[in-house]
Amino acid sequence: MIRIYNTLTKEKEEFHPLEPGKVRMYVCGMTVYDFCHLGHGRVLVAFDVITRYLRHRGYDVHYVRNITDIDDKILRRADENGEVYTDLTDRMIHAMHEDEARLAVLPPSEEPRATAFIDDIIAMIQRLVSTGHAYPADNGDVYFAVESFPDYGKLSRKKLDDLVAGARVDVQEAKRSPADFALWKAAKSGEVSWQSPWGDGRPGWHIECSAMSTKCLGDTFDIHGGGPDLLFPHHENEIAQSECATGHKFVHTWMHAGAIRVNKEKMSKSLGNFFTIREILEKYPAEVVRYFLVSSHYRSQVDYSEESLAEAGRTLTKLYHALRGLIPAKASEVEETEHDRRFEDVMDDDFNTAGAISVLHAVAGEINQHRRDGNEDEASRAAAVLVRLGAVLGLLQQDPEAFFQVGGSEGLSPKDIEAMIQARADARKARDFAEADRIRDELLEKGIILDDSCEGTSWRKA
RNA sequence: GGCGCGGUGGCAGAGUGGUUAUGCAGCGGACUGCAACUCCGUGUACGCCGGUUCGAUUCCGACCCGCGCCUCCA
């Protein structure tokens with residue numbers, strides 16, 4: 001039985017999808033005006049693992065992750081760059097797909113874009129206007145009337161009075177209440193716009209997710225996820241719009257990832273302390289970054305640091321060492337082990353990936369023991385277990401040699417390295433250990449570590 | 001100020017009312033020509049103070065500290 005922490009109820013609940021065996025999940029994706037940073041990466045990887053695990057447990061998962069490709073920030077950035085906004089969004093969507101692929105994030109089942117759903121967005125706003133939950137204002141915008149929805153604040157636990165009193169919200173003459181938010185924004189001259197009953201304009205920030213999720217998954221669906229900073233106001237507003245428009249409960253389980261921090265502060269656009277995924281991937285192998293993300297629970301805050309990434313690299317190296325030189329048995333031919341059961345036990349508990357990784361280490365230890373005992377057959381069966389459990393976390397799917405030797409060495413081709421290894425082997429055979437060690441040291445200086453074994457010598461990047 | 005989350009061994013990070021997390025680093029041993037890899041062994045960790053209990057790191061209360069949201073941000 002899978003249990004999931006639901007932000008709406010603030011409790012871990014047994015997970016029962018609305019339709020047995022089927023999971024309908026929506027995750028807020030990117031607003032595409034810049035490269036993805038590690039915070040985006042965390043959400044991408046977290047929900048990728050969740051999807052993989054739900055499928056592993058036999059659910060048919062329909063995973064929708066949107067792209068918001070029209071918005072103030074996009075228009076501003078395109079303007080700064082002096083380009084058509086669609087050129088910017090096309091470029092960023094392409095970059096995002098590259099980042100995802102490198103992090104081994106599987107594509108969602110559907111990836112709807114806001115600009116392809118303008119008709120649905122307008123239809124939803126019309127429904128809200130006609131039922132009195134929204135109103136066109138004098139400035140040409142259409143606003144959601146927050147006070148028309150008594151449940152407003154149920155997700156973020158905020159009281160409307162506090163929000164208004166806080167006065168941090170955008171004070172707008174045109175709004176009836178300061179907490180009201182825009183569903184439709186009137187176009188300024190020269191801006192991209194779509195026709196609507198309220199004049200030319202474009203959607204406000206939150207409505208696109210309500211329209212797309214409802215269109216793709218129905219009025220009510222199982223899981224809605226996203227980053228921690230979307231909880232308010234974005235998700236709160238989505239609930240208000242959707243429940244008022246459809247008259248049904250919007251989402252059963254709300255899931256929010258924890259923040260990535262840098263020096264104890266949240267990594268964020270506004271603080272400017274963010275590292276883009278591609279920046280990080282210049283310094284660390286993608287799987288190491290993924291391992292780092294998966295090694296803590298998806299809801300906990302996690303500090304990004306060079307040291308943490310380095311440690312993740314050392315640890316992942318150890319796991320691949322267990323697989324190196326082994327041909328894993330066919331996973332389908334290896335029956336369920338107690339490791340599989342333990343893995344499911346911990347993952348069933350709100351996707352405890354940290355616990356799951358400890359199972360991976362237990363399996364690796366078992367492989368190494370079998371190998372040491374010369375029990376190749378058992379080792380290859382255990383390797384199959386390691387690879388199949390790794391797959392659920394999106395780890396350990398590479399050929400170990402590819403992992404160890406990624407990129408080769410500066411100035412040395414794999415061929416050069418092999419030649420030096422052979423020269424060292426000859427020296428060792430002649431018991432010229434000074435020469436053998438000289439060669440090993442020379443390679444080490446160039447970032448190559450040698451591992452001897454009874455089958456010969458293999459190398460890896462330091 | 002309001003709402004919420006958290007403080008676990010040198011570090012990272014799970015978990016539990018009484019029994020081993022796991023990983024990295026360290027130390028001792030085995031293996032090795034020497035290393036690396038691997039294996040074996042090795043650490044009286046649960047912010048502070050009360051309470052409940054036969055027993056609390058785990059439950060309850062207060063306190064201290066850190067973080068997040070309350071405004072665009074994943």
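A note on names: the letters A, B, ... follow the listed sequences, proteins ahead of strands, and every chain is numbered from 1.
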Write down the distance separating the C1' atoms in B/rA12 and B/rA45, rounded off to the nearest Å. 14 Å
Stacked cation flag A/K269 on A/Y33, 6.0 angstrom / 45 deg: yes
Taking B/rU8 as the reference, what is the distance to B/rC3 when you measure between their P atoms (whole Å, please)? 26 Å
With both distances kept under 3.5 Å, what pairs with B/rC46, Watson-Crick or G-U wobble? none
State, without any angle test, whether A/E238 and A/Y26 hold a side-chain donor-acceptor pair at a distance under 3.5 Å. no
Mind checking if A/L231 touches a base, just sugar-phosphate, or nothing, with heavy atoms under 4.0 Å? nothing
Which part of the nucleic acid, if any, lies within reach of A/R428 when heavy atoms closer than 4.0 Å are counted: base, sugar-phosphate only, or nothing? base
Has the side chain of A/E311 got a donor or acceptor that lies under 3.5 Å from a partner of the other kind on the base of B/rG23? yes
What contact category does A/T315 fall into here, base, sugar-phosphate, or nothing, at under 4.0 angstrom with non-hydrogen atoms? sugar-phosphate
Can a salt bridge be assigned to the pair A/D340 and A/R388 using a cut-off of 4.0 Å between side-chain N and carboxylate O? yes
Heavy atoms only, 4.0 Å cut-off, all strands: where does A/R424 land among base, sugar-phosphate and nothing? base
I want to check one thing: is the phosphate of B/rC37, taken as OP1 and OP2, less than 4.0 Å away from some side-chain N or O of A/N368? no
Tell whether A/H37 reaches the base of B/rA74 with its side chain through a donor-acceptor pair below 3.5 angstrom. yes
If pairing requires Watson-Crick or G-U wobble contacts with both distances under 3.5 Å, which nucleotide is the partner of B/rC69? B/rG2
In the strands shown, is B/rC39 matched to any nucleotide by a Watson-Crick or G-U wobble pair with both distances under 3.5 Å, and which? B/rG29
Taking only the C1' atom of each, what is the distance from B/rU44 to B/rG33 in whole angstrom? 42 Å
Taking the side chain of A/R440 as its heavy atoms from C-beta onward, which of B/rA35, B/rA14, B/rG2 lies nearest to it? B/rA35
Under a 3.5 Å cut-off for both contacts, is B/rG9 paired Watson-Crick or G-U wobble with anything, and if yes, with which nucleotide? none
Could you check whether A/R299 makes a cation-pi contact with A/Y5, meaning its NZ or CZ is under 6.0 Å from the centre of the six-membered ring and within 45° of the ring axis? yes
Side chain of A/S270, base of B/rC72: donor and acceptor closer than 3.5 Å? yes
Can you measure A/K318 atom NZ to B/rA25 atom P for me and round it to whole angstrom units? 8 Å
Nearest-Å distance, NE2 (A/H321) to P (B/rC39)? 11 Å
The side chain of A/S296 lies closest to which of these nucleotides: B/rG13, B/rC5, B/rA74? B/rG13
Can you measure A/D349 atom CG to B/rU16 atom C1' for me and round it to whole angstrom units? 12 Å
Send over the distance from A/L319 CG to B/rG23 P, rounded to a whole Å. 9 Å
With a 4.0 Å limit, can you tell me whether A/K158 has a side-chain N or O closer than that to the phosphate oxygens OP1/OP2 of B/rG4? no
Is there a side-chain polar atom (N or O) of A/W459 under 4.0 Å from OP1 or OP2 of B/rA36? no
With a non-hydrogen cut-off below 4.0 angstrom, is A/A259 in contact with a base, only sugar-phosphate, or nothing? base
Report yes or no: is there a donor-acceptor pair, N or O only, under 3.5 Å between the side chain of A/R372 and the base of B/rC31? no
Touch check for A/I260, heavy atoms < 4.0 angstrom, all strands: base, sugar-phosphate only, or nothing? base
Taking donor-acceptor contacts at under 3.5 Å, does the side chain of A/R261 reach the base of B/rG68? no
Between A/D350 and A/Y298, does a side-chain hydrogen bond (donor to acceptor under 3.5 Å, both in side chains) hold up when you go through it step by step? CA-CA 9 Å; A/D350 198 26; A/Y298 76 90; 2.7 Å; yes
For B/rA35, does the base pair up with any side-chain atom of A/D452 as donor and acceptor (N or O, under 3.5 Å, distance only)? yes
Separation between CG of A/D34 and CZ of A/R91, rounded to the nearest 0.5 Å: 10.0 Å
Identify, between A/S300 and A/H40, the residue whose nearest nucleotide on RNA chain B lies closer to the 5' end. A/S300
Taking for each residue the nucleotide of RNA chain B with the nearest heavy atom, is it A/R314 or A/D437 whose nucleotide lies nearer the 5' end? A/R314
Separation between the C1' atoms of B/rG10 and B/rA25, rounded to whole Å: 8 Å
A/R261 side, atom CZ; A/L271 side, atom CG - distance, nearest 0.5 Å: 12.5 Å
When the distance from NE2 of A/H297 to C1' of B/rU22 is rounded to whole Å, what number comes out? 16 Å
NA contact type, A/F232, heavy-atom cut-off 4.0 Å: base, sugar-phosphate, or nothing? sugar-phosphate
P spacing across the pair B/rC48 / B/rG9, given as an integer number of angstrom: 11 Å
Write down the distance separating the C1' atoms in B/rG68 and B/rC27, rounded off to the nearest Å. 40 Å
When rounded to the nearest Å, what value does the distance between P atoms of B/rU57 and B/rG4 take? 27 Å
Quick one: label A/R460 by what it contacts on the DNA or RNA (base, sugar-phosphate, nothing), any heavy atom closer than 4.0 Å. sugar-phosphate
N/O (side chain, A/Q369) to phosphate O (OP1/OP2, B/rC40) under 4.0 Å: yes
P-based separation of B/rA21 from B/rG15 [nearest Å]: 14 Å
Whole angstroms only, please: what is the NE2-C1' distance between A/H235 and B/rC70? 16 Å
Base, sugar-phosphate, or nothing: which does A/E307 touch, judged by heavy atoms less than 4.0 Å apart? nothing
Could you tell me whether A/E80 and A/R77 make a salt bridge, using a distance below 4.0 angstrom between a side-chain N and a carboxylate O? yes
Whole-Å gap separating P (B/rU22) and CD (A/E366): 15 Å
A/L450 atom CG is separated from B/rU32 atom C1', nearest whole Å, by 14 Å
Counting any heavy atom closer than 4.0 Å, what does A/G41 reach on the DNA or RNA strands: base, sugar-phosphate only, or nothing? nothing
List the steps, then state whether salt bridge (Lys or Arg N to Asp or Glu O under 4.0 Å) holds for A/K154 with A/E243. CA-CA 12 Å; A/K154 69 177 170 185; A/E243 300 200 343; 2.9 Å; yes
